[in-house]
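Right, one structure below, let's go through it.
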Amino acid sequence: MFLEFKKEVEHLLKKALDNASYEYKELDLEESEHADISSRVAFFLARTYKKPPEIIAEDIINHLEIPAKNTLISNAVAAGPYINFYVNDSFLHKTLQRIKEGIETVERKRGKIIIEHTSANPDGPLHIGHLRNAIIGDVLARVLKRAGFDVETHFYVNDMGRQIGVVVWGAERIAFDETKKADLAVADVYIAANRLIEENTEFLNDVEELMRKYEAGDEAVVRKYEAVVKKCLSGIQASLQRLNIRHDLFAWESEFVRGGAVEEVIEELKQKGDIKFDGSGSGSALLLHLEGIEKELVIQRTDGTSLYTTRDLAYHRWKSGRCDRVIDIFGKDHELVSQQLAKGLQILEVKVPEFVIFAFVSLPTGSLSTRAGRYISADKLIEKIETRAYEEVDKRRKDLDESKKHEIARKVGIGALRHDMVKVSPDKHIVFDFDDALDIEKKGAPFIQYSHARACSILKVAEEKWQSLIQGYDTSLLHEESEIELIKKLSKLGYAIEEASSELKSHLIAKYARELAESFNLFYKDCPVLNTDATLRKARLVLVECAKIVLSDVLDVLGIEAPKEM
RNA sequence: GGGCUCGUGGCUUAGCUUGGAUAAAGCACCGGCCUUCUAAGCCGGGGAUCGCGGGUUCGAAUCCCGCCGAGUCCGCCA
C-alpha cells in the first residue's frame, strides 16, 4: 500500500511543481523519520532559481492541492526546506484490508528472468562459500518472483573441467563408498585420485584423453561422466534442499559443446570480433580482443578444444534467447570472467547479463581451500546449527514432545543460517566464525520468527475462545502509536520488495523483516489484544492477523520457515 | 606491479549509486521490567573526530585526488 501512497505523492507533487512553474529533474522522495515520505526537491530548485529552499518549499506547498476524497494523504507541510507528506486513516484502513484479503499490491507480468546461482563444481560437497552464493541467489529469486517476474533458477554444471576428468578417471579404479552421502563419496575419490596422479604424473595423460573423448562425445565416456556428475549433484541437491533451495534447471556445459553451440559462437566471433591467431605448426589458438580488457581472451585452444569462458558464452547466449533478463550470482574470483562475458556477448549482439558479485567467505585461519582441508562443509554447518537450535528450544519448551522440538529447531537453525548470510551486503568480505554462527540466541531470524509465533499464539487462543473472531470489526479504533506504526510498517512490504528487486539487493529484505518484527513486538507490549473489550479486541485481532500474514510473507521471501510456536 | 571491491561505537553491520533535518541497528556491557496474549521480548544508559590526508560545495560517511590496511583477479584452469 505504501507504494500507492508514494505514487499519489509523486503525482500531486509534480502537479504542484508544474503549477508553480518549476523545472525539475527528480522529486527526491525518500522515507524519513520526520514524515511518512519527504521530498528534498527544494534544495535542487534553490540552485537554479537562486532562492532559499525554505521559500521554494513554502511556494510548492501553496500550489499543492490534496483531493477532498479518494486520497491516501492527510497532510503536506513545508518543514523548512523539506516537504513532508503524511498518510491518512483511509491509508491505514486500506492497508489492513488489502493484506487481509490477500491482494497483491505489486505489478504482475514484468517479463521472464533467468537467475543462475550456486553452480558449484560437481567434484564434492558444498562449503560455506557456495552457501553464500546459493542463499543470495535464492533470496533474490524469491524477491523477483514477488516483484512480478517470471523467474527460472539455473545451476550451471561445470562437467568439463579437469577436476571432473580426475574424478571419472579415479572412479575407474577406486570404488565409491556407498555408505556415504553421494557428494562426499565423490570428493573422497577425487582426493584419492589426485594423490595417485601426484605420485605418477603420467596418469595425467589418461585424464586428458578422457576429457578429449568426453568433448568428442564418445558414448562410453559420456556414460561414465554422467554417472559421476549426477551422483555428486544428487548430494549437492540434498544439501540445498535442507536450506529450502531448489533449482528449476541444471544446464550442463558439455551440452553446449556437443550440441554445436560453442562452435557457432567461435565462428561468429571470428566474423564479428577482433581475432588473432596464435601458434604455429599443427594449429593455432584463437585470441579475442575485448575492449577495455588488457589481455586477450583465449576462446579456443591450439588443439581445437574449447575453453570454459567460450562454453559460458554459448550458455549465456542460449539463456538470453529464453528470457528478458539474465542475472548471474558470481563470486569475486569470477569478476574478470563476468566482464569478459559481457564484452563477448556484446560482440555477439546478445543482451548482457546483470551480475551480482559477492566477496569471499574466509575462515579466521585464512582463505578457504578444499585441497588444504581448510573449509567447512555446508552439511556440517547445518548439522551443528540445528543441534544448537535444539538446545535452545529444549531449554525453553520442556512441554513439547521431541518431534515438535526437532521441527522447531530445524526451522530456527536453518533460518538463522540463511538470515546470517543474506543480511550482509554481497560486496562485504565475511570472516566466518563458527562459534558466532552457532550462537542462535543472538541471531536475527529467531527474533522475526518469534514475533510470528507470538501472533499465531494470540490468534489461536482467540479462535478457541470466540471462534468466528473477526466479523464486524472497525479498524478506525486502532489509534495507539504502536498500532499506527505497525500498520505503516505492514504497508511497506511491497516497497521493500520493489527496492530489493530493482537494485538486486537481497539484504534489504532482511532489514525490513527485522524492523517489522520490532514494530510488532512494540505493539505486543503496548496493546493487550485478548484482555480488552470486544470491539477493540476485534480490531486488534485483525491487526494481529495482518501482522502474522506479512511476517510469514517476508520470512518466505527470505526462504525462512515461520513456526507457529517456538 | 596493474584492475576491481571493502575500511562506520569494543564486535558485526545499514546508510554511500541519486550530497542535506540530532550518523541508524544488532551483539557485548551497565541498570530496570514476568499475578495480564510465549522474557528468543520490552524500557533506560554509556560508547563513533564514519581508515588517514587534501579538495569540491552553503552543506560530505556519501562526490574527486593521494596514501595506508584487508580481499580478489591478472593461465591455451574452471
Side-chain angles (χ1 to χ4, degrees), chain A residues 25-26 28 30 32-35 38 40 42-44 46-47 52-53 79-82 84 119 121 123 158 160-164 253 278-279 283-287 292-295 298-309 311-312 331-337 339 357-360 362 367 389 392-393 395-397 412 420 423-431 433 436 439-451 453-462 503 507-508 510-511 514-515 517-518 520-522 524-532 537 540-541 544 565-566:
Chain A
K25 272 191 209 149
E26 302 247 351
D28 243 338
E30 63 167 22
S32 162
E33 55 191 300
H34 308 277
S38 180
R40 294 176 306 201
F43 281 111
F44 171 76
R47 224 162 312 188
Y82 300 91
N84 290 342
S119 301
N121 285 334
D123 56 10
N158 299 121
M160 298 197 74
R162 175 165 267 106
Q163 302 99 308
I164 311 305
E253 61 172 338
D278 182 52
S284 55
L286 295 183
L287 307 182
I293 298 175
E294 261 184 71
K295 290 203 174 175
V298 183
I299 59 168
Q300 189 173 43
R301 288 198 187 91
T302 308
D303 68 2
T305 55
S306 63
L307 280 142
Y308 169 78
T309 314
R311 300 191 289 259
D312 217 357
K332 198 83 182 124
D333 56 337
H334 275 55
E335 196 164 36
L336 181 60
V337 172
Q339 286 165 14
I357 308 274
F358 66 93
F360 271 34
S362 62
S367 57
E392 294 297 328
V393 177
K395 205 160 73 188
R396 293 161 223 263
R397 299 297 303 269
V412 168
D420 241 22
K423 75 173 185 200
V424 180
S425 164
D427 45 31
K428 223 96 167 187
H429 174 215
I430 293 178
V431 178
D433 184 301
D436 200 57
D439 200 347
I440 287 285
E441 219 169 357
K442 56 181 174 189
K443 290 296 166 197
F447 177 79
I448 306 158
Q449 290 171 316
Y450 185 64
S451 306
R454 276 178 151 179
C456 289
S457 170
I458 292 176
L459 293 169
K460 192 179 165 206
V461 173
E503 296 178 47
H507 66 283
L508 295 179
K511 192 166 171 271
R514 167 158 241 303
E515 290 169 1
E518 199 168 19
F520 180 77
N521 282 330
L522 290 181
Y524 183 92
K525 182 205 49 142
D526 278 354
C527 306
V529 179
L530 301 174
N531 301 316
T532 188
R537 182 174 67 231
R540 285 185 174 162
L541 279 170
V544 173
E565 57 180 327
M566 284 174 68

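Proteins get letters first, then strands, A, B, ... in listed order; numbering begins at 1 in each. Below, all heavy atoms of this structure are taken into account, side chains as well, without hydrogens, waters or symmetry copies.
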Would you say A:Asn521 places a side-chain N or O within less than 4.0 Å of OP1 or OP2 belonging to B:C42? yes
A:Met566 has its side chain closest, among B:A40, B:C42, B:C73, to B:A40
Would you say B:A78 has OP1 or OP2 under 4.0 Å from some side-chain N or O of A:Arg301? yes
Among the nucleotides B:C37, B:U13, B:G41, which one has an atom lying closest to any side-chain atom of A:Pro528? B:C37
5'-most contact on RNA chain B: A:Asp28 or A:Asp427, nearest heavy atom basis? A:Asp427
Rounded to the nearest angstrom, tell me the gap between atom CD in A:Glu30 and atom C1' in B:G20. 9 Å
A:Glu503 side chain, from C-beta outward: closest of B:G15, B:C37, B:U17: B:U17
Integer angstrom distance from the P of B:C34 to that of B:A24: 30 Å
A:Glu33 CD to B:A14 C1', in whole Å, measures 14 Å
Can a donor-acceptor pair under 3.5 Å be found between the side-chain atoms of A:Ser38 and the base atoms of B:A21? yes
Anti or syn - B:C34, cut at 90° from 0: syn
Just how far, in rounded Å, is C1' of B:G71 from NE2 of A:His429? 6 Å
Considering only B:U72, B:C37, B:C76, which nucleotide approaches the side chain of A:Ala285 most closely? B:C76
Working to the nearest 0.5 angstrom, can you tell me the gap between A:Asp312 CG and A:Leu307 CG? 12.0 Å
Sticking with atom C1', work out how far B:G45 lies from B:A40, rounded to a whole angstrom. 23 Å
Contact class for A:Glu515 vs. all strands (heavy atom < 4.0 Å): base, sugar-phosphate, or nothing? nothing
Kindly point out which of B:A40, B:G15, B:C74 is positioned nearest to the side chain of A:Leu336? B:C74
With hydrogens left out and only the distance checked, is there a donor-acceptor pair under 3.5 Å joining A:Asp436's side chain and the base of B:C11? no
Selection from B:C77, B:A21, B:C37 that lies nearest to any side-chain heavy atom of A:Leu307: B:C77
Looking only at the side chain of A:Glu518 (C-beta and beyond, no hydrogens), which of the listed nucleotides B:A78, B:A14, B:C42 gets closest? B:C42
Mind checking if A:Ala453 touches a base, just sugar-phosphate, or nothing, with heavy atoms under 4.0 Å? base
Partner of B:G66 under the Watson-Crick or G-U wobble criteria, both distances under 3.5 Å, comes out as B:C52
Is A:Val393 touching bases, backbone alone, or none of the nucleic acid, heavy atoms closer than 4.0 Å? base
B:G46: pairing nucleotide in any strand, Watson-Crick or G-U under 3.5 angstrom: none
Looking only at atom P, what distance separates B:G47 and B:A70, rounded to whole Å? 32 Å
Does the ring of A:Phe43 lie flat against the base of B:G20, closer than 5.5 Å centre to centre with planes under 30°? yes
Output the single nucleotide from B:C37, B:C76, B:C4 whose closest atom is nearest the side chain of A:Glu335. B:C4
How many whole angstroms separate atom NZ of A:Lys423 from atom C1' of B:A24? 15 Å
If you measure from the C1' atom in B:G9 to the same atom in B:U5, how many Å do you get, rounded? 24 Å
Separation of A:Thr309 OG1 from A:His334 NE2 (nearest 0.5 Å): 8.5 Å
When all nucleic acid strands are considered with a 4.0 Å heavy-atom cut-off, which category describes A:Cys527: base, sugar-phosphate, or nothing? base
For B:C68 versus B:G53, give the span between their C1' atoms, rounded off to a whole number of Å. 10 Å
Verdict with reasoning, A:Glu26 to A:Phe44, per side-chain contact (heavy atoms from CB on, under 4.5 Å): CA-CA 9 Å; A:Glu26 302 247 351; A:Phe44 171 76; over 6 Å; no
Of B:A78, B:C27, B:U22, the nucleotide closest to the side chain of A:Lys442 is B:C27
Heavy-atom donor-acceptor pair, A:Ser425 side-chain to B:A14 base, under 3.5 Å: no
Looking at B:G19, I'd like to know if its phosphate oxygens (OP1 or OP2) sit under 4.0 Å from a side-chain N or O belonging to A:Arg40. no
Donor-acceptor under 3.5 Å (A:Arg540 side chain, A:Pro528 main chain): yes
Integer angstrom distance from the C1' of B:A14 to that of B:U8: 10 Å
Round to the nearest Å and state the distance from A:Arg396 atom CZ to B:G41 atom P. 8 Å
For the pair made of NZ in A:Lys511 and P in B:U13, what is the distance, rounded to whole Å? 16 Å
Can you check side-chain contact (heavy atoms from CB on, under 4.5 Å) on A:His507 and A:Lys428, steps first, answer last? CA-CA 12 Å; A:His507 66 283; A:Lys428 223 96 167 187; over 6 Å; no
Mind checking who B:G1 pairs with, Watson-Crick or G-U wobble, both distances under 3.5 Å? B:C74
Below 4.0 Å: OP1/OP2 of B:A78 and any side-chain N or O of A:Arg311: yes
Using a heavy-atom cut-off of under 4.0 Å over every strand shown, decide if A:Leu522 touches base, sugar-phosphate, or nothing. sugar-phosphate
With a 4.5 Å cut-off on side-chain heavy atoms, are A:Thr305 and A:Asp303 touching? yes
Ignoring backbone atoms, test whether A:Lys428 places a side-chain nitrogen or oxygen under 4.0 Å from the OP1 or OP2 oxygen of B:U12. no
Between A:Thr309 and A:Asp526, which has a closest nucleotide on RNA chain B that is more 5'? A:Asp526
Is any side-chain nitrogen or oxygen of A:His334 closer than 4.0 Å to OP1 or OP2 of B:U5? no
B:C50 and B:G41: how far apart are their C1' atoms, nearest whole angstrom? 31 Å
Is the closest side-chain heavy-atom distance between A:Val412 and A:Glu392 below 4.5 Å? no
Salt bridge check: are A:Glu565 and A:Lys460 linked by an N-O gap of less than 4.0 Å? no
Using the P atom on both, measure B:G3 against B:U17 and round to a whole Å. 23 Å
How is A:Val529 classified with respect to the nucleic acid when contacts are heavy atoms under 4.0 Å: base, sugar-phosphate, or nothing? base
Suppose we call a contact any N or O donor and acceptor under 3.5 Å apart; does that hold for the side chain of A:Asn84 and the base of B:A21? yes
Tell me what A:Lys332 touches on the nucleic acid: a base, only sugar-phosphate, or nothing, going by heavy atoms under 4.0 Å. base
Would you check if A:Tyr82 stacks with the base of B:A21, given a 5.5 Å centroid limit and a 30° plane limit, both strict? yes
Measure the spacing between NE2 of A:His429 and NZ of A:Lys332 and express it to the nearest 0.5 Å. 11.5 Å
Are A:Arg311 and A:Asn158 linked by a side-chain donor-acceptor pair shorter than 3.5 Å? no
